[in-house]
Student: 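Dumping the structure here so I can ask a few things about it.
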Amino acid sequence: MADAFTDTRVLITGGLGFIGSSLARRLVSAGAKVTLIDSLIPQYGGNPFNIKDIRDQVTVNITDVRDQHAIAYLIQDQDYLFNLAGQTSHLDSMTDPKTDLDINAAAQLSILEACRKHNTRIRIVFASTRQLYGKPEYLPVDEKHPIRPVDVNGINKLAGEWYHLLYNNVYGIRACALRLTNTYGPGMRVKDARQTFLGIWIKNLLQGKPILVFGDGLQLRDFNYVDDVVDALLVAATHERAAGQVFNLGSSEIINLKDLAAMLVRLHGGGSHGVVPFPPERKAIDIGDYYSDFSRARRELGWSPSIGLEQGLQRSLAYYTEHGKHYWDDETVHA
Ligand SMILES: NC(=O)c1ccc[n+]([C@@H]2O[C@H](COP(=O)([O-])OP(=O)(O)OC[C@H]3O[C@@H](n4cnc5c(N)ncnc54)[C@H](O)[C@@H]3O)[C@@H](O)[C@H]2O)c1
């Protein structure tokens with residue numbers, strides 16, 4: 001599959017972020033000409049350190065996806081677009097819903113308009129989210145599960161996803177969406193819980209503070225290591241059957257949050273965890289238990305995750321033990 005990208009032109013929005021930078025690294029090694037777009041808004045996951053090792057092999061454009069003119073220019077002549085830029089915090093989407101709307105929905109529409117006007121032969125993969133299912137009615141959650149977002153972010157990501165499907169169906173611009181579950185690994189934002197609670201757990205563990213699990217800690221989740229998500233993005237971009245489709249990503253390793261915290265403490269060889277009541281603003285948008293049925297991705301794309309949770313967490317702990325200061329020191333993050 002990697003050969004499919006040799007000498008192709010690939011644009012990644014959100015390319016200095018967690019998943020975007022891992023994807024960029026893989027595409028560079030596959031011989032693609034990679035351009036990264038990122039706004040580096042400090043509250044989001046973009047971090048120049050994420051691409052330190054490939055900085056000379058990619059083109060970086062510090063631009064906001066809300067800038068229609070810049071996007072229209074950058075989209076020309078690209079073979080692939082991995083559309084990953086997003087506001088990812090569920091809580092922020094509740095306190096600042098308009099910004100979430102502008103980035104996760106309106107900007108997505110203008111990106112697609114730019115494709116319609118300037119590059120209809122591009123292939124697009126959109127990073128959608130399991131959040132749009134809301135509180136599961138049944139488990140595991142498949143793509144036929146009712147859509148009932150519990151927060152503003154889920155609604156706007158749903159709109160972003162459906163604009164892609166619409167432009168595929170109406171204008172023939174090949175686009176598909178992956179509904180990601182909790183993704184973790186080197187490069188994720190760990191200074192706070194804006195991107196994933198796992199980030200702040202890892203930071204606290206490495207700084208000798210307790211991991212705090214909200215609620216009773218019995219909430220079930222599935223997790224994907226970032227390399228597996230990169231595999232899924234690449235296969236979705238190249239697979240003929242993917243266009244116009246949505247695919248859940250997920251894992252068959254299901255774990256509750258208390259056991260996950262205990263696993264991290266064990267792998268780190270020290271530390272502690274405890275359960276604390278949910279802060280009310282988090283409780284209001286909590287989805288309870290969730291894990292995905294990803295059999296459609298397995299059947300149609302031949303994708304399934306290959307990195308086990310323990311292995312992935314070990315790699316993540318090793319990465320932040322070595323590089324953590326580039327993720328939690330304000331002075332160094334944007335150096
Ligand atoms: N990580 C997960 O668990 C997860 C789960 C479900 C969905 N997703 C989706 O995957 C995508 C990538 O997520 P990630 O985990 O890498 O998060 P991330 O925050 O690290 O990456 C998103 C990137 O987009 C950039 N960005 C945000 N707004 C922008 C704007 N207006 N213009 C240009 N760039 C902008 C950020 O700076 C950041 O680098 C997101 O769209 C997210 O919704 C992620």
Side-chain angles (χ1 to χ4, degrees), residues 11-24 35-51 60-68 70-71 74 81-90 92-93 96 98-108 110-111 125-133 149 151-161 164 177-199 221-226 228-230 232-233 236 246-251 287 290 292 312 316 327 333-334:
L11 189 62
I12 306 177
T13 69
L16 269 61
F18 163 40
I19 301 171
S21 58
S22 281
L23 174 65
T35 301
L36 309 178
I37 293 178
D38 208 291
S39 58
L40 284 182
I41 295 167
Q43 291 80 7
Y44 303 162
N47 185 338
F49 189 78
N50 281 341
I51 58 155
V60 175
N61 209 302
I62 303 303
T63 305
D64 198 296
V65 289
R66 289 168 287 188
D67 181 342
Q68 298 178 36
I71 297 299
L74 290 164
L81 166 63
F82 291 94
N83 197 6
L84 272 57
Q87 193 300 106
T88 62
S89 161
H90 302 291
D92 288 358
S93 82
D96 182 6
K98 177 66 167 49
T99 299
D100 194 88
L101 173 74
D102 290 343
I103 297 175
N104 288 330
Q108 304 308 316
S110 53
I111 289 170
V125 183
F126 176 68
S128 185
T129 172
R130 58 120 166 98
Q131 191 69 9
L132 45 84
Y133 294 117
D151 55 32
V152 168
N153 180 262
I155 294 176
N156 293 331
K157 288 293 283 189
L158 177 64
E161 177 191 283
H164 284 77
L178 302 182
R179 291 179 180 162
L180 275 54
T181 189
N182 302 278
T183 305
Y184 70 99
M188 65 187 167
R189 182 178 175 100
V190 295
K191 63 163 60 174
D192 52 33
R194 280 201 159 87
Q195 190 179 80
T196 160
F197 61 86
L198 252 179
R221 288 286 184 278
D222 60 348
F223 296 88
N224 280 140
Y225 187 68
V226 63
D228 283 326
V229 172
V230 168
L233 289 162
V246 296
F247 300 95
N248 282 350
L249 302 189
S251 162
I287 59 165
Y290 178 92
S292 291
S316 308
Y327 292 84
V333 161
H334 292 288

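Remember, it's 1-based here, ligands and their atoms both numbered in the order they're listed. What you see is a predicted model, and the numbers here were worked out from it, not measured in a lab.
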Student: If the contact criterion is a heavy-atom separation under 4.0 Å, does K157 count as touching ligand 1?
Tutor: yes
Student: With a cut-off of 4.0 Å, which atoms of ligand 1 are near a heavy atom of T63?
Tutor: 32 (N), 33 (C)
Student: Nearest protein heavy-atom contact for atom 16 (O) of ligand 1: which residue, which atom, what distance?
Tutor: I19 N, 2.9 Å
Student: Taking all non-hydrogen atoms of both residues into account, name the closest pair between G46 and L40 and its distance.
Tutor: C-CD2, 3.6 Å
Student: In terms of residue, atom name and distance, what is the protein heavy atom nearest to atom 10 (O) of ligand 1?
Tutor: A127 CB, 3.4 Å
Student: Show me which atoms of ligand 1 lie under 4.0 Å from any heavy atom of L180.
Tutor: 5 (C), 6 (C), 7 (C), 8 (N), 10 (O), 44 (C)
Student: Using a strict 4.0 Å cut-off to heavy atoms of S128, name the atoms of ligand 1 that fall inside it.
Tutor: 6 (C), 7 (C)
Student: Quick check on contacts: which atoms of ligand 1 are under 4.0 angstrom from a heavy atom of I103?
Tutor: 28 (N), 31 (N)
Student: Can you check side chain to side chain donor-acceptor pair (under 3.5 Å) on R189 and N47, steps first, answer last?
Tutor: CA-CA 8 Å; R189 182 178 175 100; N47 185 338; over 6 Å; no
Student: At a 4.0 Å threshold, what atoms of ligand 1 neighbour a non-hydrogen atom of T183?
Tutor: 1 (N), 2 (C), 3 (O)
Student: With heavy-atom distances below 4.0 Å as the criterion, list the atoms of ligand 1 near L84.
Tutor: 11 (C), 12 (C), 22 (C), 40 (C), 41 (O)
Student: Applying a strict 4.0 Å limit to heavy atoms, is R66 in contact with ligand 1?
Tutor: yes
Student: Which residue owns the protein heavy atom closest to atom 31 (N) of ligand 1, what's the atom, and how far is it?
Tutor: D64 OD1, 2.8 Å
Student: What protein heavy atom is closest to atom 23 (C) of ligand 1, reported as residue, atom name and distance in Å?
Tutor: G14 CA, 3.5 Å
Student: Measuring from R194:CZ to D192:CG, what's the distance to the nearest 0.5 Å?
Tutor: 5.0 Å
Student: Taking distance alone, with no angle check, do V65 and ligand 1 share an N/O pair under 3.5 Å?
Tutor: yes
Student: Of the non-hydrogen atoms in S128 and E161, which two are nearest, and what is the gap between them?
Tutor: OG-OE1, 2.7 Å
Student: Under the side chain to side chain contact (heavy atoms under 4.5 Å, CB included) rule, what do Y290 and R221 come out as? Steps first, then yes or no, please.
Tutor: CA-CA 5 Å; Y290 178 92; R221 288 286 184 278; 4.2 Å; yes
Student: Distance to 0.1 Å, residue and atom name: give those for the protein heavy atom nearest to atom 28 (N) of ligand 1.
Tutor: Y44 CD1, 3.5 Å
Student: Apply side chain to side chain contact (heavy atoms under 4.5 Å, CB included) to the pair F18 and T183, showing each step before the final yes or no.
Tutor: CA-CA 9 Å; F18 163 40; T183 305; 3.8 Å; yes
Student: Please determine if F18 has a nitrogen or oxygen closer than 3.5 Å to a nitrogen or oxygen of ligand 1.
Tutor: yes
Student: Within the 4.0 Å heavy-atom shell around L16, which atoms of ligand 1 are there?
Tutor: 39 (O)
Student: Could you pull out, from T181, I12, D38, the option with a heavy atom nearest to atom 39 (O) of ligand 1?
Tutor: D38
Student: Can you name the nearest heavy-atom pair linking S93 to V152, along with the distance?
Tutor: O-CB, 3.4 Å
Student: Just wondering, do I71 and V65 contact through their side chains at under 4.5 Å, heavy atoms?
Tutor: yes
Student: When rounded to the nearest 0.5 angstrom, what distance separates CG in N156 from NZ in K98?
Tutor: 10.5 Å
Student: Is the shortest distance from a heavy atom of S21 to ligand 1 less than 4.0 Å?
Tutor: no
Student: Do L198 and F223 pass the side chain to side chain contact (heavy atoms under 4.5 Å, CB included) test, and can you show the C-alpha distance, the side-chain angles, and the key distance before you say yes or no?
Tutor: CA-CA 10 Å; L198 252 179; F223 296 88; 3.8 Å; yes
Student: Can you find an N/O atom of N182 closer than 3.5 Å to an N/O atom of ligand 1?
Tutor: no
Student: Can you check which of S39, G187, S22 brings a heavy atom nearest to atom 30 (C) of ligand 1?
Tutor: S39
Student: Give the atom numbers and elements of ligand 1 that come within less than 4.0 Å of a heavy atom of G46.
Tutor: 36 (C), 37 (O), 38 (C), 39 (O)
Student: Is any N or O atom of G17, backbone or side chain, closer than 3.5 Å to an N or O atom of ligand 1?
Tutor: yes
Student: Restricting to non-hydrogen atoms, name the atom on V230 and the atom on I19 that form the minimum distance, rounded to 0.1 Å.
Tutor: CG2-O, 4.4 Å
Student: Decide yes or no on side chain to side chain contact (heavy atoms under 4.5 Å, CB included) for I37 and L11, but give the supporting numbers first.
Tutor: CA-CA 7 Å; I37 293 178; L11 189 62; 3.8 Å; yes
Student: Considering non-hydrogen atoms of the protein only, which is the closest contact for atom 18 (P) of ligand 1, and what is the distance?
Tutor: Q195 NE2, 3.0 Å
Student: Looking at N248, L158, I287, which hits side-chain contact (heavy atoms from CB on, under 4.5 Å) with Y133?
Tutor: N248
Student: List the atom of Y44, the atom of Q87, and the distance in Å for their closest heavy-atom pair.
Tutor: OH-CG, 3.3 Å
Student: Grab the two heavy atoms, one from L84 and one from T13, that are nearest each other, plus how far apart they are.
Tutor: N-OG1, 2.9 Å
Student: Can you find a non-hydrogen atom of T88 under 4.0 Å from ligand 1?
Tutor: yes
Student: Return yes when T13 approaches ligand 1 closer than 4.0 angstrom through a heavy atom, no otherwise.
Tutor: no
Student: Assess D102 for proximity to ligand 1: is some non-hydrogen atom of it under 4.0 Å away?
Tutor: no
Student: Below 3.5 Å, N or O to N or O, backbone or side chain included: is there any such pair between I37 and ligand 1?
Tutor: no
Student: Is there side-chain contact between N182 and R130, with heavy atoms separated by less than 4.5 Å?
Tutor: yes
